[in-house]
Structures are given as structure tokens and as C-alpha cells.
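Written out below as C-alpha cells is the structure these notes cover.
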Amino acid sequence: MLSNPPFGQADLTNCERELIHLAASIQPHGVLLVLDETELRILQATANTRGILGVGHDELLGRPVSDLGGDVEVRIRNLTASFDLAEPVPLQCHTGRAASRHNLEGSIHRHPPGGLIVELEPASHRGAGVDLVGLGSPQLLEQLSAAVQRFSATSNIGTLADAAVKAFRDLTGYDRVMVYKFDPDGHGKIIAEAREARLDSLLGHHYPASDIPRRARELYIRNRVRVLVDAHYQPVPIVPRALPLTGQDLDMSLCYLRSMSPLHLQYLKNMGVTATLVVSLVREGRLWGLIAAHHYAPRNLSYAVRAASELLGEVIATRIAAIENYAHAQVTIQVRRLEQRLIEATSTEGDWRLALFGNPRTLLQPLEASGAALFYEGEILTTGEVPSTPELRALLQWVDSRTFQPPYSCSSVARENPELDALTPVASGVLAMKLSTQRPDYLMWFRKEQLLTVTWGGDPSKPIVGDDPLELSPRRSFAAWSEIVRGTAVPWSSVEIALARAIGWALIDIILQIHAVRLLIAEHQLTQIRSTVESSGEAVFIADAQGRRLYSNDAFGQLVARPVDALAGLKDIVPLFTHPQVVGKTLDALMAVHQPWRGELALARADGEPLPVNVRAEVVPGSNGSILGFMLILIDLSASKQAAAARRHLEQSLSVAPRGAEFDAQALDSRESDEVICAILTNASLAAMDIADAAPIGPSAAHLLEELEASTKRATTLYGQIRNYPARS
């Protein structure tokens, strides 16, 4: 069984499991106290309290926090009464009296196993030789407003990342600021950079997933901003090490003063980096990337600047969601165009496959694929660079034997199946969409092995560091990444996977339509076509020219909640809807005038809750101008209705700015006059529109809109905290 090495005892073989949240020590520029919740007695304290609070830790243990003097007890009790403290909330207070007064700022949060964790720093300085970034309120608000407006104006990830690094460098003054984006396999790439001219560029550099262990990624999601003041610090222990309430080490997951892993510190030292700021970019509950800032001298940020950094991180994550979901919406447009071409080709040439492969650029370019192959009814059609026919058949057999949610995506076939290593030059990456539940029919796209082109800021002939686990550097990390990606293709992005899925669904739909028509005109093909229609997830009802039922699939019966055999014809469908008169007139017109109809109706349900459905009523003409019959397709709209409700809820939420205790009412007469709030709400509104537009193809729109609302509330809450901070001279 794999062990979890204690904090500070990991090496490169087990750092993935290092218990970094149980550090039992802090960075020395602040102090940490753990209090019991009832009497506010000090249960644990860091060993540096004398230098910051004026009282030694040994004198504080077991004493009430009121012994520190000042207003610290009152402030803590007010916060415990007003907040659940599941997340850190800001704390401003002072201790001591008169000449010995200590002005402090920091945060407080609840330790789930028991106790309150209080973290404090001097409000005016951070120690000798440490630069402190603490902007006055007007300047900070001006920078926030300008940054949010710039983010909202961006239309792609590249321009957003460029705007982000500039905004963070302007805000914090770090020597280098980067946007670090993760690929689907967890490997990272620097996609934007703002730096001092004297520094070598790291733009475009790749790093293996192992550079950021799993536990660190989990903490980046929970604790969105991390500041390292000085990589050469001496950790300050927590005394006693075990929390008396539990007898175990303190869980420091949400502590901003928490010590960092010695491996990470060594990595920074080997780079010559002294201070860092890391802001998490979280998308759909996962770590999309990081804003990473480096400085080459000790540097700290005031609480207000840290809160501003977290606010900007939330706004950037919101904009990422909007941009990526807008890309999903564009997928819908591309697929509709392709579907139209295929339908036209089917009617003019009799075979949709000719249209699909008639223009290779149309099929390959949207997915940045180098080749494609269609496996359909035992035949293979190809375009671009593809493996040989025997290799394609071997690949088909292997893909079809695997269990996956379509589409199947892989960036290294050889790594997944060494027997297919010969495919690496032309088909290292595979994206496969299954088109049938009955046969091994697939549409596959291929990518060649990626070739590495690297430009180093330093001398590439200098050796990579030795084998000592602590001798880490970007050069060594890039070498590790180069080894990882050898024999692989560029991973398929989420948008490309969505596009493949959408094209596959379009083909399945076209195939379904073709077979549904054939069902009316070719009785000898009935068994094969019935299987294809039956396997469809869409609800289909087919009637002859007199409106009598010829066929309806199980999906139709499940949707209308009736045995399909009980529906003898189109007239029997009328009572199933909440407005049968409307449906009756529509079907009468369909049969009499032969005019297709599409619209939205609602099915009556036994539980009394109507089920919204999209209805497509099609007329199937014969070759001699006669009518062969009618086709009815129902699509469940409940998910889209939920998304619409979520959007309305979001719009209602955005229509009322956060007020009350979070904002100074005298300083903010109306939200319309506050540029930052307007910018945040405008950004959220734009994101909501992009997400809603992407609903047919992208992830659950309702979930994304709820996440957007939560992120916007988080940003406005942080802004409220920043507004309430007193201006500093």
C-alpha cells in the first residue's frame, strides 16, 4: 500500500501524496492562533508571537484571547456571530494598549474538527527587507474597474490571458506574471507572460503534470490565492503541534500563512525566484489553470490586494467559461451547416458519405486533424494522412472493444495499446465517434505525433541538473515533459471533443431520417431499419398517408408514458398534450395541407407537471407527388427549460447589487455609479448569454449558470470587503 509521506519528508517518488495541508508551521511574516469557540482560549500559537503581538507564545497558551488587549476579542465575537466561517473572512483588529498597540489584519475561519483559526499580520509593515504592496482604496478600485472592463472585452483565451498578466503585473508589481494552462492530461503550458525586460522569457514552455502534485491541485481549488513572501524563510512551528481538541495535526488547507513544501521551495530557489503569488483559475469545479507571479526579492501583499487578486481570478474564470462556451455555440453552427450539406447530398446524389468526404478541409480543419476515416456497413472511406487499411481495421477492432462515453479520445494510441505502435507517425491521436449501437460503425479523426520545437532563454547546452531529488528546475521539468509527450499527439480539447460528438450526433440523426423514410418505401428493409430507429434516443412516430401508425420506437413510448401499441394513429396522440385542441388542429392541417410544422408543446403527465417538448411534424412525399406518410419527432425540452430558469434567476440576482454590511452606503450611493460593480455585473451578463447560447452542445447550461452566479457573488463579496478597507497613506 502506498504511503502518504508527512510534510517535508517527500521526494520525487512520492511527492504526489505529501501531506502538505498538515504543515504544522507557517511563514514568519504573520502569526497563527487556534482558539476554542466558546471561551476563545488560545489552544495553539506559533512560536513567533512575541515579535508580532508583543507576548510570547508560552505565555498565551491556555489564556483567553482578551489577554492580548485591544479589540481583538470583540472583533472575533462579532465575526463568529455574523458568519459561518466555513471560508476565511477578513479580520482587522489591534492588540496591546497605547504605545504598545499593534495594528493587525488577517482572517479567521472555522477548523471543521473544532476550533477557530486566526491568522494575523502587521497592518503597516511586514519586516525588514520585505516590499509590501498596499494600494490606497481609490487607486485599487480604479485598477479593478479597468481590469474587469478589459477582461469583458476579450473574445478569445489568448487575448484574455494577455490582459490578465498585464493587469496582475500592474496591480502587484511582480517581476514576472504568467498564465499557466493545463491540458486534459494535467500537463501545463505558459500561454501568456508579462515580465521585466532583463528576464528570459518562459512563454510557451511546457511542464509535466507531476510539477504540481495532486494534493497541491486540490488545495489550489480550496484556497484560491497563495502568497510566498520569501523562499528562504525559516518555518515557524505551531505549538503544541497537535491540536488539543483532536490530538491530531491542524488541517491548514485554508491557511494563507501555511508553510510550503521544501520540494517546491527548492524548485523556486533553483530558478532564482524569491517571492511568488499564485491565483487559481477554477472552471466547473476543476483547476483550469493558474495566474503565477514571480519576484526576485522578498515581497508581500496587503489583505486588500490579495482580495483584489482573488476577485480578478474569479472574473477571469467567468470570462473563460463564457469564451469556451461561446466556442461550443459555434460548434452548433458548424454542425448545422454540415448537416444541411449532407441532407442535400443525400437527396441529389443518394449518399451522404460522398458529401462528408467530398471536401476534406471541412472535415479535418475544425478539429485540427491530419486525417479521418469512416467505418460504415463494413466499408472504409478515408481522407488526409491515415494508416493502412489493415492497420485501420486493427484500430477499429481495438476501439470498439473499449468501454467509453462517446466520443473516445486518446493522444497516444501506442501508450494505450503497444501493439498499435506502428500507427504513431500518422495516428498517434485518435478521436472516435460511434454511429451505431448495432454495428462497429465509426467516424474517426487522427493526429500525427507532435514534434517539439523549443526556444530556451538560456544556453541550451548547459546540462540539466543532476539526479538529486531536490535539484529541480524548469529545464529539468521541460525535459521530463518532453519524455512524457514523445510518441503522443497534441491532446484533443474540450471544444474539439464537443464538435466530434456533435458531428456524430448529426450523422446519427441523418442516418435515422434516411432509414425512417426507407421504412415507408421499402418493406423488405424493415428489420434492419427498425433496429436503427429503435436504437435512437429521439422519440419517433411514423404514420402512413391516412395517419395510421406504422411504427414508433421505445423512446416515444417512454416520453409520452403510454404503451406504443395503444396509439393506433396520429389522432390518438392528440389527448396526450396539455392543449389537445391546438395539437388536433395542427395535425389536421398537416394531413390536409401537407405543410410540415415545428414548435414547442407540452405533454400531460400523470403527476400533473407538464413535460415541455419540441415537436417536428414532417410530411414524407413520394416520387410521383403523392404523400407516403408522416413522421413525428419529439424532443424533451425539460433540461433547456431548467437552463432558462437558471438564467432568469441569475439575471434577477444580477439586477440587485450586494448591499448592506458588505458596502459602505455613504461611499456608494447607487450601484450604477460604481464602475467596478458595473464591470463585474456586465461581465457576468455577457458570460450568461454566451453560456445560454451554448446550451444545445456544451455542458449543462443550468449548472454553468449556477456556477456563474456563485462566482459573481463571490467577486462582489470580495469587492465589498475591499471597499470597506480604510484608505492607506
Side-chain angles (χ1 to χ4, degrees), residues 26 30-46 49 52-55 60-98 100-124 134 137 140 223-225 243 245 250-257 302-308 310-311 657-668 713-728:
I26 65 167
V31 298
L32 181 145
L33 305 174
V34 181
L35 316 176
D36 77 273
E37 292 197 43
T38 54
E39 300 178 1
L40 298 186
R41 288 182 302 107
I42 299 173
L43 304 176
Q44 291 176 290
T46 48
T49 58
I52 295 178
L53 302 180
V55 185
L60 292 176
L61 292 176
R63 305 296 301 167
V65 74
S66 58
D67 281 7
L68 289 171
D71 63 353
V72 60
E73 180 187 15
V74 172
R75 292 298 182 102
I76 290 175
R77 291 200 182 278
N78 288 342
L79 292 175
T80 56
S82 303
F83 300 91
D84 64 12
L85 301 183
E87 299 285 334
V89 298
L91 169 63
Q92 279 189 315
C93 62
H94 69 272
T95 62
R97 294 173 179 82
S100 62
R101 175 179 173 130
H102 301 274
N103 293 318
L104 305 163
E105 66 178 19
S107 69
I108 180 173
H109 71 277
R110 179 168 283 107
H111 184 243
L116 299 172
I117 299 178
V118 177
E119 297 176 87
L120 297 170
E121 300 177 70
S124 57
S137 182
L140 183 59
N223 198 344
R224 303 292 175 88
V225 175
L243 176 61
L245 295 174
L250 189 69
D251 184 343
M252 303 182 70
S253 298
L254 299 181
C255 297
Y256 69 87
L257 290 174
S302 69
Y303 186 91
V305 175
R306 286 201 303 269
E310 185 172 358
L311 185 155
R659 300 296 297 265
E662 295 175 349
F663 287 89
D664 181 349
Q666 294 181 351
L668 181 60
K713 288 181 177 179
R714 186 183 179 97
T716 53
T717 298
L718 289 166
Y719 177 62
Q721 296 173 1
I722 295 168
R723 290 261 346 182
N724 286 336
Y725 257 72
R728 300 192 184 281

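Note that these values count all heavy atoms, side chains included, but never hydrogens, waters or copies made by symmetry. Along the sequence shown, residues carry numbers from 1. None of these values were measured; they are calculated from a predicted model.
Distance alone, capped at 3.5 Å, places no donor-acceptor pair between the Gln721 side chain and the Pro90 backbone. In this structure, Arg110 contributes its side chain and Asp84 its backbone to a donor-acceptor pair below 3.5 Å. Between the Arg75 side chain and the Gln92 main chain, a donor and an acceptor come within less than 3.5 Å of each other. Panel note: side chain Glu310, backbone Leu718; no donor-acceptor pair is recorded below 3.5 Å. Thr46 places no side-chain N or O within donor-acceptor distance of the main-chain N or O of Val31, the cut-off being under 3.5 Å. In this structure, Asp71 contributes its side chain and Val74 its backbone to no donor-acceptor pair below 3.5 Å.
You'll find the side chain of Met252 stays beyond 4.5 Å of the side chain of Ile117, heavy atoms only. With a 4.5 Å cut-off on side-chain heavy atoms, Tyr256 and Ser107 count as touching.
The two atoms that bring Gly134 and Val305 nearest to each other are CA-CG2, 4.2 Å, heavy atoms only. In terms of heavy-atom proximity, Arg101 sits nearest to Asn103 at NE-OD1, 2.9 Å. The shortest non-hydrogen separation linking Val72 to Gly69 is CG1-O, 3.4 Å. Here the closest non-hydrogen pair linking Leu140 and Ala308 is CD1-CB, 3.8 Å. Shortest non-hydrogen contact noted between Gly30 and Glu121 is CA-CG, 4.0 Å. Between Ile108 and Leu85, the closest heavy-atom pair is O-CD2, 4.0 Å.
Rounding to the nearest 0.5 angstrom, the gap separating the CD atom in Glu87 from the CG atom in Asn223 is 8.5 Å. Taking OG1 of Thr49 as the reference point, atom CG of Leu68 lies at 8.5 Å (rounded to 0.5 Å). A distance of 12.0 Å separates OG1 in Thr95 from CG in Asp67, rounded to the nearest 0.5 Å. Distance NE2/His111 to CG/Asp251: 5.0 Å, rounded to 0.5 Å. Once rounded to the nearest 0.5 Å, the distance linking CG of Leu120 with CG of Leu53 reads 6.5 Å. To the nearest 0.5 Å, atoms CG (Leu32) and SG (Cys255) are separated by 5.5 Å.
Taking the charged nitrogens against the carboxylate oxygens, Arg306 and Glu105 have no contact shorter than 4.0 Å, which rules out a salt bridge.
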Practice item. Check step by step if side chain to side chain contact (heavy atoms under 4.5 Å, CB included) holds for Ile52 and His102. Key: CA-CA 8 Å; Ile52 295 178; His102 301 274; over 6 Å; no

